[in-house]
Amino acid sequence: VLCMVCLLFLIIATFTGHLLAGRAIIPIKNSFTRQREFVADASHELRTPLSVMLTSVEAIRTDDENTLSSFSEQVLEDMRSEIKRMTKIVSDLLTLARADAGAEILIKEKFDISDIAEKVIRSFQPVAVEKGVKLDFVGINDLFIHADKEKITQLLLILIDNALKYVKQDGKVVLFIKQSSGSKGTVNIIVQDNGVGIPEEQQQFIFERFYRIDKARSRVAGGTGLGLSIAKWIVEAHRGTINVESAVGKGSTFTVSLPN
Ligand code: ADP
């Protein structure tokens with residue numbers, strides 16, 4: 001009888017323990033949800049005033065009736081670039097907040113990834129030329145994948161933009177798109193640069209939000225520290241993987257594997 005009482009006591013204790021633990025978690029979950037909603041709402045609300053500010057600054061800069069001193073022109077130019085940077089941060093934050101809340105859904109369709117890759121490379125050519133960097137695309141035609149076209153384009157934009165930001169003059173950036181030799185149906189997106197590289201001990205952190213190896217350099221290059229977090233989210237939402245191999249002074253290679 002004593003054993004039975006002990007067993008019963010144990011079962012009740014375990015059960016109420018689970019219940020209590022469950023109850024204790026509910027307020028924490030609610031607070032996370034509220035925090036995510038707050039970030040999403042705040043980012044959304046900030047977009048309109050920022051766009052009004054940008055338009056106003058542009059209007060003053062381009063108004064022929066204004067004779068601005070070179071100092072005022074410089075101030076306006078600085079304001080314009082800071083507003084643009086803030087708009088980028090706000091938009092990246094909104095993407096991540098929506099992703100956290102499960103509100104950022106994939107709209108999948110069948111499309112030719114080589115076609116998208118070529119367009120992205122073309123759009124970056126002026127930046128590459130200005131920086132004195134060779135930018136190439138190596139891929140096969142008609143490689144159709146079933147994925148979210150807009151998000152995959154965003155992924156390519158992030159990786160190429162980074163490669164161009166951290167490559168030196170006379171450097172080289174190559175985007176490879178290929179069908180994986182290992183598992184059939186897997187598509188590999190590889191972005192290779194011979195730029196500054198990433199120290200080994202920091203490579204595990206670069207996909208974290210707001211992580212920047214050299215804050216000053218990233219800021220000058222127009223970085224927000226959110227690009228790779230978004231890239232990782234896009235890849236994982238497609239059930240793929242993203243990895244980096246890098247050596248300081250030699251360059252970096254980002255490899256994305258997407259199941260098709
Ligand atoms: P950022 O907007 O600052 O570029 P990311 O999240 O895209 O932020 O990248 C995080 C950090 O990883 C960058 O600040 C940079 O230090 C490093 N990084 C990313 N891509 C490269 C690259 N191709 N070469 C060297 N460093 C890179």
A.B. asks: At their closest point, which heavy atom of Asp148 faces which heavy atom of Ile107, and how far apart are they?
C.D. replies: OD2-N, 2.7 Å
A.B. asks: Measure the CZ-CD1 distance between Phe176 and Ile140 for me, rounded to the nearest 0.5 Å.
C.D. replies: 13.5 Å
A.B. asks: Please name all residues satisfying side chain to side chain donor-acceptor pair (under 3.5 Å) with Ser246, sequence neighbours left out, ordered by chain then number.
C.D. replies: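 Ser246 satisfies side chain to side chain donor-acceptor pair (under 3.5 Å) with Ser252 once adjacent residues are dropped.
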A.B. asks: Could you list the residues that satisfy side chain to side chain donor-acceptor pair (under 3.5 Å) with Asn243, not counting sequence neighbours?
C.D. replies: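 Asn243 satisfies side chain to side chain donor-acceptor pair (under 3.5 Å) with no other residue.
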A.B. asks: Establish whether Leu76 and Met86 are linked, either directly or via other cluster members, by ILVMFWY side-chain heavy-atom contacts under 4.5 Å.
C.D. replies: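 Yes; tracing contacts between hydrophobic side chains, which count when under 4.5 Å, links both residues.
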A.B. asks: When rounded to the nearest 0.5 angstrom, what is the spacing between CD1 in Ile213 and CD in Glu201?
C.D. replies: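 If I round to the nearest 0.5 Å, the distance is 9.0 Å.
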A.B. asks: What distance separates Leu258 CG from Ser180 OG, expressed to the nearest 0.5 Å?
C.D. replies: 11.0 Å
A.B. asks: Taking only residues two or more places apart in sequence, or in another chain, which ones meet Glu150 in a salt bridge (Lys or Arg N to Asp or Glu O under 4.0 Å)?
C.D. replies: none
A.B. asks: Is there a side-chain contact between Ile230 and Leu96 in this structure, where contact means two heavy atoms from C-beta onward sitting under 4.5 Å apart?
C.D. replies: yes
A.B. asks: Should Met53 and Leu93 be regarded as members of a common hydrophobic cluster, given that ILVMFWY residues are connected when their side-chain heavy atoms come within less than 4.5 Å of each other, either directly or indirectly?
C.D. replies: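 Looking at the clustering, Leu93 is in a separate group from Met53.
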A.B. asks: Enumerate donor-acceptor pairs with a distance under 3.5 Å from any side-chain N or O in residues 117-127 to protein atoms, sequence neighbours excluded.
C.D. replies:
unit_1 : atom_1 : unit_2 : atom_2 : d
Ser123 : OG     : Val120 : O      : 2.7
Gln125 : NE2    : Leu135 : O      : 3.1

A.B. asks: Flag the pair Arg61 and Glu58 as a salt bridge only when some basic side-chain nitrogen lies within less than 4.0 angstrom of an acidic carboxylate oxygen.
C.D. replies: yes
A.B. asks: Look at the side-chain heavy atoms of Ile, Leu, Val, Met, Phe, Trp and Tyr, link any pair under 4.5 Å apart, and say whether Leu94 and Trp233 land in one connected group.
C.D. replies: no
A.B. asks: Thr255: what forms a side chain to side chain donor-acceptor pair (under 3.5 Å) with it, not counting sequence neighbours?
C.D. replies: none
A.B. asks: Would you give the length of the straight line joining atom NZ of Lys165 to atom CD1 of Ile160, rounded to the nearest 0.5 angstrom?
C.D. replies: 12.5 Å
A.B. asks: With rounding to the nearest 0.5 angstrom, report the CD to CD distance, Glu77 to Glu82.
C.D. replies: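 If I round to the nearest 0.5 Å, the distance is 10.5 Å.
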A.B. asks: Can you pull out every side chain to side chain donor-acceptor pair (under 3.5 Å) where at least one residue sits in residues 187-196? Sequence neighbours excluded, please.
C.D. replies: Asn188-Ser257
A.B. asks: How close do Val187 and Leu143 get, heavy atom to heavy atom, and via which atoms?
C.D. replies: CG1-CD2, 4.2 Å
A.B. asks: So do the side chains of Lys178 and Ile190 get within less than 4.5 Å of each other, counting heavy atoms only?
C.D. replies: yes
A.B. asks: Looking at Lys131 and Leu164, would you say the former's side chain and the latter's main chain have a donor-acceptor pair under 3.5 Å?
C.D. replies: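 Looks like yes, one N/O pair under 3.5 Å.
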A.B. asks: Please identify which of these residues, Ile145, Leu155, Leu156, meets the side chain to side chain contact (heavy atoms under 4.5 Å, CB included) condition with Ile116.
C.D. replies: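 Looking at Ile145, Leu155, Leu156, the match for Ile116 under the side chain to side chain contact (heavy atoms under 4.5 Å, CB included) is Leu156.
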A.B. asks: Only pairs at least two apart or in different chains count here, so list each salt bridge (Lys or Arg N to Asp or Glu O under 4.0 Å) that has a residue in residues 234-259.
C.D. replies: Lys232-Glu236
A.B. asks: Tell me which pairs pass ring pair (Phe, Tyr, Trp, His ring centres under 6.0 Å) where either residue lies in residues 192-211, with sequence neighbours left out.
C.D. replies: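 Checked against ring pair (Phe, Tyr, Trp, His ring centres under 6.0 Å) - neighbours excluded - the pairs reaching residues 192-211 are Phe205-Tyr211.
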A.B. asks: Please say yes or no: joined through hydrophobic side-chain contacts below 4.5 Å, possibly via intermediate residues, are Val138 and Ile177 part of one cluster?
C.D. replies: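 No; tracing contacts between hydrophobic side chains, which count when under 4.5 Å, never links both residues.
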A.B. asks: Kindly list each side-chain donor-acceptor pair under 3.5 angstrom involving residues 41-52, sequence neighbours excluded, with atom names and distances?
C.D. replies:
unit_1 : atom_1 : unit_2 : atom_2 : d
Ser43  : OG     : Val39  : O      : 2.5

A.B. asks: If you measure from CD1 on Ile60 to CG on Leu68, what distance do you get to the nearest 0.5 Å?
C.D. replies: 8.0 Å
A.B. asks: Which residues pass the side chain to side chain donor-acceptor pair (under 3.5 Å) test with Gln74, sequence neighbours left out?
C.D. replies: Asp78
A.B. asks: May I have all residue pairs that pass side chain to side chain donor-acceptor pair (under 3.5 Å) and include part of residues 96-106, sequence neighbours excluded?
C.D. replies: Arg98-Glu104, Asp100-Arg209, Glu104-Lys151
A.B. asks: Output, in order, the C-alpha distance, side-chain angles, deciding distance and verdict of side chain to side chain contact (heavy atoms under 4.5 Å, CB included) for Phe254 and Ile206.
C.D. replies: CA-CA 12 Å; Phe254 285 82; Ile206 58 170; 3.9 Å; yes
A.B. asks: Are the side chains of Ile152 and Phe111 in touch, meaning some heavy atoms are under 4.5 Å apart?
C.D. replies: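 Of all side-chain heavy-atom pairs linking Phe111 with Ile152, at least one is under 4.5 Å.
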A.B. asks: Is there a path of hydrophobic side-chain contacts, each under 4.5 Å between heavy atoms, that joins Val191 and Phe137?
C.D. replies: yes
A.B. asks: Any pair with a residue in residues 135-146 that passes salt bridge (Lys or Arg N to Asp or Glu O under 4.0 Å), sequence neighbours left out, goes on the list, sorted by first then second residue, please.
C.D. replies: Lys134-Asp136
A.B. asks: Got a sec: does the CZ of Phe38 have more than 12 other heavy atoms crowding it under 6.0 Å?
C.D. replies: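 No.
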